Amino acid sequence: MAIIFVVLCGFSFYMGILFCSEKDRFVSIYSQKSVESPKESSISPLQIKYISFPECSIDYQDYTPCTDPRRWRKYGSYRLTLLERHCPPKFERKECLVPPPDGYKPAIRWPKSRDECWYRNVPYNWINNQKSNQHWLKKEGEKFLFPGGGTMFPNGVGKYVDLMEDLIPEMKDGTIRTAIDTGCGVASWGGDLLDRGILTLSLAPRDNHEAQVQFALERGIPAILGVISTQRLPFPSNSFDMAHCSRCLIPWTEFGGLYLLEIHRILRPGGFWVLSGPPINYQRRWRGWNTTIEAQKSDYEKLQELLTSLCFKMYNKKGDIAVWQKSPNDNCYNKLGRDTYPPKCDDSLEPDSAWYTPLRACIVVPDPKFKKSGLSSISKWPERLHVTPERISLVHRGSASGFKHDDSKWKKQAAYYKMLIADLGTDKIRNVMDMNTVYGGFAAALINDPVWVMNVVSSYAVNTLPVVFDRGLIGTFHDWCEAFSTYPRTYDLLHLDGLFTAESHRCEMKYVLLEMDRILRPSGYAIIRESSYFMDAITTIAKGMRWECRKEDMEKGGDMEKILICQKKLWYSSNKSSR
């Protein structure tokens with residue numbers, strides 16, 4: 001019996017290997033064939049049955065599938081885990097069109113939108129009632145107005161940033177180009193910096209009332225839903241030139257300093273961390289913080305000790321603002337011993353892994369071989385936009401010649417798009433997303449237009465996002481099998497280049513297009529560059545979503561690939577029941 005049992009186990013193991021090998025070969029062949037054009041194979045274009053998608057209930061007008069307050073009770077409140085991404089399983093996904101609020105109007109155009117937006121587009125009175133005394137915003141008639149105030153800058157964000165520039169001269173000469181604002185409020189800080197040549201990504205979690213990120217995007221200011229909790233933020237290491245926290249109430253010194261370790265990871269060598277609010281200037285402010293001077297002094301000393309252990313140095317300080325600088329080289333890190341806390345991360349932890357990657361209490365030490373990626377060495381803005389980044393060597397087959405070719409290619413393609421869409425390049429299009437960028441070439445081609453671009457790199461694709469950030473652009477990792485971290489109706493233009501060719505074996509086309517409909521503003525556009533094999537199926541689904549589409553030839557013609565130009569219609573909900 002023992003011999004028979006061993007023989008059967010061996011036979012099963014052999015058959016398993018054989019089956020898996022053949023299965024992988026079949027999947028590989030299938031995937032390859034599925035994206036071939038009709039000219040190259042006998043496969044006909046993909047055809048699907050037409051479906052007219054119903055409207056979601058009006059209750060879903062601000063629906064964010066992966067950060068849905070309706071599902072918070074399933075998750076714990078410890079370290080605000082409930083505010084992280086928790087996407088619904090497939091059987092809970094909505095197959096309906098998210099309606100706009102009653103009375104929705106086309107967004108006010110940039111740059112006027114920075115100072116005002118339609119109340120009916122973001123109908124949240126709670127934040128107005130709670131923050132009006134701090135001048136975040138105020139409601140007048142049919143509009144919300146944004147005076148530029150904030151908890152730590154009641155005299156206006158302009159004067160606040162003026163003081164910051166005095167403390168950090170690098171903000172004035174193009175050294176600092178990219179910034180992240182954690183706990184951004186309505187993004188007034190990021191909005192002010194746009195006029196100063198600094199591109200800021202505002203970050204805040206989804207909440208029941210405040211809708212901070214939705215206000216930011218309605219204003220035309222870059223923003224994304226997110227929270228520092230148990231997982232890394234969806235950005236590569238050494239990306240941002242500056243990080244900012246203005247009374248964002250993040251417990252920086254708790255949980256072994258995990259949250260500040262994450263800021264250290266995403267901050268470029270030589271980059272700056274700016275903090276205003278508790279415990280800065282506690283000697284004067286502690287009475288207004290409902291605490292004691294002894295407690296605030298202790299908090300400040302703990303913070304300073306933690307920052308020193310992470311190789312930050314105090315750079316400047318005045319009034320309510322303190323500035324620390326991350327070590328520009330590896331001298332400090334080399335002095336960290338085995339017994340120091342936090343320890344240096346070992347080689348098992350990839351520095352750029354940032355999609356559902358747990359936070360760990362260790363220091364991500366910048367790679368010393370990249371001498372030109374630190375803030376003091378990287379080219380200043382705007383020159384750095386077209387300089388081949390040093391970290392392109394991390395990309396498989398990445399090269400300076402390939403980077404230059406990509407840059408040149410997208411200049412021509414963007415010019416062609418402007419012939420197809422008259423609104424592109426005008427104030428009618430402000431918020432743009434490149435859904436599967438490589439080096440950020442499309443964003444670079446639009447740099448002189450009144451737009452900002454969210455560059456998305458698939459979490460399953462080759463990691464090119466460090467190159468995007470090194471150019472002075474912003475972006476995020478994302479998996480398009482899931483919903484994006486934003487509110488409905490937040491982008492004017494979505495651009496994708498071969499996304500379904502690359503991801504159709506993982507992500508169902510219907511759900512990707514429904515997600516595009518959710519985040520696209522009424523009257524917004526989608527530019528879909530894709531294999532001809534998918535074009536008819538995309539058009540069928542788009543028609544069921546009430547989009548108007550037209551097929552165009554590629555810049556150089558040909559039948560293998562086409563461009564689909566779609567526009568989302570403005571419609572109002574006629575469905576009041578839950579769906």
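Keep in mind that what you see is a predicted model, and the values were worked out from it rather than measured.
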Which distance, rounded to the nearest 0.5 Å, do you find between the [atom1] of [X] and the [atom2] of [Y]?
{"X": "Ile563", "Y": "Gln413", "atom1": "CD1", "atom2": "CD", "answer": "7.5 Å"}
{"X": "Asp352", "Y": "Ser237", "atom1": "CG", "atom2": "OG", "answer": "4.0 Å"}
{"X": "Leu163", "Y": "Lys159", "atom1": "CG", "atom2": "NZ", "answer": "12.0 Å"}
{"X": "Trp480", "Y": "Phe500", "atom1": "CH2", "atom2": "CZ", "answer": "10.0 Å"}
{"X": "Trp110", "Y": "Asp115", "atom1": "CH2", "atom2": "CG", "answer": "8.5 Å"}
{"X": "Trp381", "Y": "Arg177", "atom1": "CH2", "atom2": "CZ", "answer": "3.5 Å"}

[X] and [Y]: which non-hydrogen atoms are nearest, and at how many Å?
{"X": "Asp434", "Y": "Val453", "answer": "N-CG1, 4.0 Å"}
{"X": "Pro236", "Y": "Leu465", "answer": "CD-CD2, 3.5 Å"}
{"X": "Ser504", "Y": "Phe534", "answer": "OG-CZ, 3.6 Å"}
{"X": "Thr490", "Y": "Tyr487", "answer": "OG1-O, 2.9 Å"}
{"X": "Val462", "Y": "Val457", "answer": "O-CG1, 3.7 Å"}
{"X": "Asp320", "Y": "Ile280", "answer": "O-CG2, 3.5 Å"}

Taking 4.0 angstrom as the limit, do [X] and [Y] come out as a salt bridge?
{"X": "Glu95", "Y": "Arg93", "value": "no"}
{"X": "Glu55", "Y": "Arg546", "value": "yes"}
{"X": "Glu548", "Y": "Lys569", "value": "yes"}
{"X": "Asp241", "Y": "Arg268", "value": "yes"}
{"X": "Asp195", "Y": "Arg114", "value": "yes"}

For residues [X] and [Y], determine if any side-chain heavy atom of one lies less than 4.5 Å from a side-chain heavy atom of the other.
{"X": "Asp59", "Y": "Arg70", "answer": "yes"}
{"X": "Lys543", "Y": "Thr539", "answer": "no"}
{"X": "Arg518", "Y": "Thr486", "answer": "yes"}
{"X": "Gln214", "Y": "Asn121", "answer": "no"}
{"X": "Leu83", "Y": "Thr67", "answer": "no"}
{"X": "Asp449", "Y": "Lys418", "answer": "yes"}
{"X": "Val432", "Y": "Phe442", "answer": "yes"}
{"X": "Glu218", "Y": "Ser113", "answer": "no"}

Legend entry - Lys143 to Trp118, cation-pi by 6.0 Å centre distance and 45° axis angle: yes

Legend entry - Arg521 to Tyr104, cation-pi by 6.0 Å centre distance and 45° axis angle: no

Inset, instruction - Could you please spell out the steps behind the salt bridge (Lys or Arg N to Asp or Glu O under 4.0 Å) verdict for Lys562 and Asp536? - result: CA-CA 11 Å; Lys562 295 291 183 180; Asp536 290 346; over 6 Å; no

Inset, instruction - Tell me, with the steps shown, if Glu140 and Tyr119 meet side chain to side chain donor-acceptor pair (under 3.5 Å). - result: CA-CA 9 Å; Glu140 286 190 4; Tyr119 165 72; over 6 Å; no

Inset, instruction - Determine which pairs satisfy salt bridge (Lys or Arg N to Asp or Glu O under 4.0 Å) with at least one residue from residues 75-89, sequence neighbours left out, and list them in order. - result: Arg85-Glu482

Judged by atom type as modelled, is there a donor-acceptor pair below 3.5 Å linking the side chain of [X] to the main-chain atoms of [Y]?
{"X": "Asn431", "Y": "Asp492", "answer": "no"}
{"X": "Glu116", "Y": "Leu145", "answer": "no"}
{"X": "Thr357", "Y": "Arg232", "answer": "no"}
{"X": "Arg471", "Y": "Tyr439", "answer": "yes"}
{"X": "Thr464", "Y": "Val438", "answer": "yes"}

In chain order, what residues pass the salt bridge (Lys or Arg N to Asp or Glu O under 4.0 Å) check against [X], with sequence neighbours excluded?
{"X": "Arg489", "answer": "none"}
{"X": "Glu530", "answer": "none"}
{"X": "Lys428", "answer": "Asp423"}
{"X": "Asp427", "answer": "Arg109"}

Inset, instruction - Decide yes or no on side-chain contact (heavy atoms from CB on, under 4.5 Å) for Leu493 and Ile527, but give the supporting numbers first. - result: CA-CA 8 Å; Leu493 173 65; Ile527 301 177; 3.8 Å; yes

Does a sphere of radius 6.0 Å around [atom1] in [X] hold more than 12 heavy atoms from other residues, nucleotides or ligands, not counting ones at 6.0 Å or beyond?
{"X": "Lys551", "atom1": "NZ", "answer": "yes"}
{"X": "Arg73", "atom1": "CZ", "answer": "no"}
{"X": "Glu142", "atom1": "CD", "answer": "no"}

Legend entry - Qualifying ring pair (Phe, Tyr, Trp, His ring centres under 6.0 Å) pairs with a residue from residues 224-255, counting only residues at least two apart or across chains: Tyr78-Phe255, Tyr160-His244, Trp189-His244, Phe235-Phe240, Phe240-Phe469, Trp252-Trp273, Phe255-Tyr259

Inset, instruction - Check the angle between the aromatic planes of Phe146 and Phe144 and answer parallel, tilted or perpendicular using the 30° and 60° thresholds. - result: tilted

Legend entry - Pair Tyr124, Asp62: side-chain N/O donor-acceptor within cut-off below 3.5 Å: yes

Inset, instruction - Would you please say whether a donor-acceptor pair under 3.5 Å links the side chains of Tyr63 and Lys94? - result: no

Legend entry - Met516/Met545 under side-chain contact (heavy atoms from CB on, under 4.5 Å): CA gap, chis, key distance, verdict: CA-CA 10 Å; Met516 291 171 63; Met545 300 190 306; 5.9 Å; no

Inset, instruction - Let me see the working for Arg206 and Val213 under side-chain contact (heavy atoms from CB on, under 4.5 Å), right down to the final yes or no. - result: CA-CA 8 Å; Arg206 169 69 198 256; Val213 165; over 6 Å; no

Inset, instruction - Go through Thr81 and Ser229 one step at a time and tell me if the side-chain contact (heavy atoms from CB on, under 4.5 Å) criterion holds. - result: CA-CA 6 Å; Thr81 305; Ser229 178; 4.1 Å; yes

Legend entry - Stepwise ring-ring contact (aromatic ring centres under 6.0 Å, His included) test for Tyr525 and Trp547: CA-CA 9 Å; Tyr525 295 92; Trp547 288 13; over 10 Å; no

